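Just so it is clear, the model here is predicted, and its values are computed rather than measured. Lettering of chains follows the sequences in order, A, B, ..., and the numbering in each one begins at 1.
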Amino acid sequence: MFDAPSSPLGDVPVAFTPEPAATASDYDVIRRALEHLTTRFRSQPTVEEVADVVGLSPSHLHHVFRRWCGLSPKAFLQAVTLDRARDLLRRDDVNLLDASYELGLSGPGRLHDLFVTHEAMSPGDFKTGGAGLVIRWGVAPSPFGVAVLTATDRGLCGIGFADQAGGVQEAYRDLARRWPAASFVRDDAAIGPYAAQAFDPACWSPDRPLRVVLIGTDFEVTVWRTLLSVPLGCATTYGDIAQTIGRPKAARAVGAAVGKNPISFVVPCHRVIGRDGALTGYHWGLTRKRAMLGWETAKRRGDGPAEDGAVA
DNA sequence: ATGCAGTAACCCG
DNA sequence: CGGGTTACTGCAT
């Protein structure tokens, strides 16, 4: 499944080199490439064309792209072309949602499907019990750009993304603002392992579950929990989530809650789309949502060769 | 009261 | 038919 040992995901054990220069500019290239591929997928741009746009040789682009996304540009394009993400909305999968949804939204619990242990904390609990809480935060590379992560000693509590080198500060502020009472400490080393695990779902196992802390209102936490049971490479709609949690008409409120999801990617808010298959919105940018969806779909298909000679 | 990451319906090329 | 726009909802905050 994972045949790219050179992938940044494969080995980001603990430390993150404080030298994001090369990494950051690489991502900028990737970002523009993704932008081009996703906005112009209709015309099926060639690798050469994209390389030209981002100012790299085709082979270099191929190399960098592959390192970041684990897929060749060609394979990625193929994945994104399913844009009418309708294809991901398989009616039968919705029942799967019902099946794995359980009650009891407060306190620890585990999603058997995904092996993410989570703990819910209401704003009230957080305010009283977690006022002096220390939150460590750090920066790490990810397949979707430079990621900013936050964690308490109980587990991961936030993931955000930065678009440019300076964007880190912005992303950090975005996350930090959500827990005004906490004190923050920069600690890349402590964050590293979370990043490594979070962006490699293959690492989520019963023996080493990803520990996550959800901080929000009851309604929000319920929505986020439900999201956790949407299988990788699938998609659901706001309305379906609403139905699943027993408020069939709260689609719109669900949308609002989904948008506040603090742990992007791990809580797969990118798998929620409009009823007609349109990608409605994403806090960290629609392009990134597309990238995640495409990445997952391609990943799930277990596509291997990913060469230009790939099947049409 | 407010605003929303929804939705169904309609209109146009 | 596909894409863009409108009018209307129901609900958490």
In whole Å, I'd like the distance from the CD1 atom of Ile273(A) to the P atom of dT7(B). 10 Å

Is it the case that the base of dT9(C) and the side chain of Arg252(A) share a donor-acceptor contact (distance under 3.5 Å, atom types as modelled)? yes

Starting the side chain at C-beta, find the nucleotide from dC11(C), dA8(B), dA5(B) nearest to Arg275(A). dA8(B)

For Ile191(A), does its backbone N or O pair with a side-chain atom of Arg136(A) as donor and acceptor, under 3.5 Å? no

Strictly by Watson-Crick or wobble contacts shorter than 3.5 Å, is anything paired with dG13(B), and which nucleotide is it? dC1(C)

So do Ser72(A) and His62(A) actually touch side chain to side chain, heavy atoms under 4.5 Å? yes

Among dT13(C), dA5(B), dG10(C), the one nearest any side-chain atom of Lys260(A) is dT13(C)

Provide, to the nearest angstrom, the distance between the CG atom belonging to Asp218(A) and the P atom belonging to dT13(C). 9 Å

Nearest heavy-atom pair of Leu227(A) and Pro268(A): which atoms, and what distance? O-CG, 3.3 Å

Tell me the interatomic distance from Leu279(A), atom CG, to dG3(C), atom P, rounded to whole angstroms. 13 Å

For Gly259(A), which contact category applies under a 4.0 Å heavy-atom criterion: base, sugar-phosphate, or nothing? base

Evaluate the ring planes of Phe265(A) and His270(A), with Trp represented by its six-membered ring, and classify them as parallel (under 30°), tilted (30 to 60°) or perpendicular (over 60°). parallel

From the candidates dT7(B), dG10(C), dT13(C), the one with an atom nearest any side-chain atom of Ala251(A) is dT7(B)

Asp276(A) CG to dT5(C) C1', in whole Å, measures 13 Å

Grab the NE2-P distance between His283(A) and dA5(B) for me, whole Å please. 11 Å

Distance test, side-chain N/O of Thr217(A) to OP1/OP2 of dT13(C), below 4.0 Å: yes

Could you check how far CZ of Arg178(A) sits from C1' of dT13(C), rounded to whole Å? 16 Å

Let's see if you can work this out: which of dC11(C), dA5(B), dT7(B) has an atom nearest to the side-chain heavy atoms of Ala253(A)? dC11(C)

From NZ of Lys249(A) across to P of dA12(C) the rounded distance in Å is 12 Å

With a 3.5 Å distance limit and no angle check, can you tell me whether Lys289(A) reaches the backbone of Gly281(A) through a side-chain donor-acceptor pair? yes

Figure out the CH2/C1' separation between Trp224(A) and dA5(B), and round it to whole Å. 14 Å

Can you identify which nucleotide, out of dT13(C), dC4(B), dA5(B), has its nearest atom closest to the Tyr282(A) side chain? dA5(B)

